[in-house]
Amino acid sequence: MIKKGGAQAQSTPEYQIKPKQKEKFKPGKAKEMIGEILTTTLKYQKSYNLDAAQSLSKTIAETVKDKLKELNLPRYKYIVQVSIGEQKGQGVRVGCKCFWDFDTDHCASETFVNDSIFCLCTVYAVYLY
């Protein structure tokens, strides 16, 4: 409370509805980071293995999430989805539907492909009001 001339005036709380420009999620920067993580993690994978794919996808998701947290963007929450499959020349289509604010929420996606595996990593950055 603030005293003004003997009377007490209550201050009204202020809420930050939108992030500041320098605190916004940058999809291009995240895409580069994801690409580096995928390349360093998967470049030595010579063949597809189901058991290895399960642990690799968890490892990649955790690594990406930890790197995103290092950006220190306040009030952003991250959803990381990693899909790893066997590469046999087939096509893969992935889709999603989200309800979000186009001003504050973003996504970034990157792929890795070699002769035996493919990996798709998508990050959804959601700003909490």
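Keep in mind the model is a prediction, meaning the values are calculated, not measured.
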(request) Report the residues that fulfil side-chain contact (heavy atoms from CB on, under 4.5 Å) with Lys24, sequence neighbours left out, ordered by chain and then residue number. (result) Pro19, Gln21, Lys26, Tyr76
(request) Apply side-chain contact (heavy atoms from CB on, under 4.5 Å) to Lys20 and list each qualifying residue two or more places apart in sequence or on a separate chain. (result) Gln16, Glu23
(message) Please give me the minimum heavy-atom distance between Ser57 and Ile84, naming the atom from each residue.
(response) N-CD1, 3.7 Å
Which donor-acceptor pairs under 3.5 Å do the side chains of residues 44-55 make with protein atoms, sequence neighbours left out?
from	atom 1	to	atom 2	distance (Å)
Asn49	OD1	Asp51	N	3.0
Ser55	OG	Ala52	O	3.1

(request) Please list, chain by chain and in numerical order, all residues satisfying salt bridge (Lys or Arg N to Asp or Glu O under 4.0 Å) with Glu62, sequence neighbours excluded. (result) Lys65
(request) For Lys58, check side-chain contact (heavy atoms from CB on, under 4.5 Å) against everything at least two apart and list the hits. (result) none
(request) Just grab all the side chain to side chain donor-acceptor pair (under 3.5 Å) pairs involving residues 77-101, residues at least two apart or on different chains. (result) Lys18-Asp101, Asp101-Tyr129
(request) Report, as yes or no, whether the 6.0 Å neighbourhood of atom CD1 on Ile17 holds more than 12 heavy atoms from other residues, nucleotides or ligands. (result) no
(request) Check side-chain contact (heavy atoms from CB on, under 4.5 Å) between Ser109 and all other residues, then give those that pass, not counting sequence neighbours. (result) Leu120, Thr122
(request) Identify, with sequence neighbours excluded, every residue that meets side-chain hydrogen bond (donor to acceptor under 3.5 Å, both in side chains) alongside Thr63. (result) none
(message) With rounding to the nearest 0.5 angstrom, report the CG to SG distance, Leu56 to Cys119.
(response) 8.0 Å
(request) Have a look at Ile60 and tell me which of Val80, Ile34, Leu38 forms a side-chain contact (heavy atoms from CB on, under 4.5 Å) with it. (result) Leu38
(message) Can you confirm whether Lys29 sits close enough to Leu71 that some side-chain heavy atom of one is under 4.5 Å from a side-chain heavy atom of the other?
(response) yes
(request) Please answer whether the main-chain N or O of Tyr127 pairs with a side-chain N or O of Arg75 as donor and acceptor at a distance below 3.5 Å. (result) no
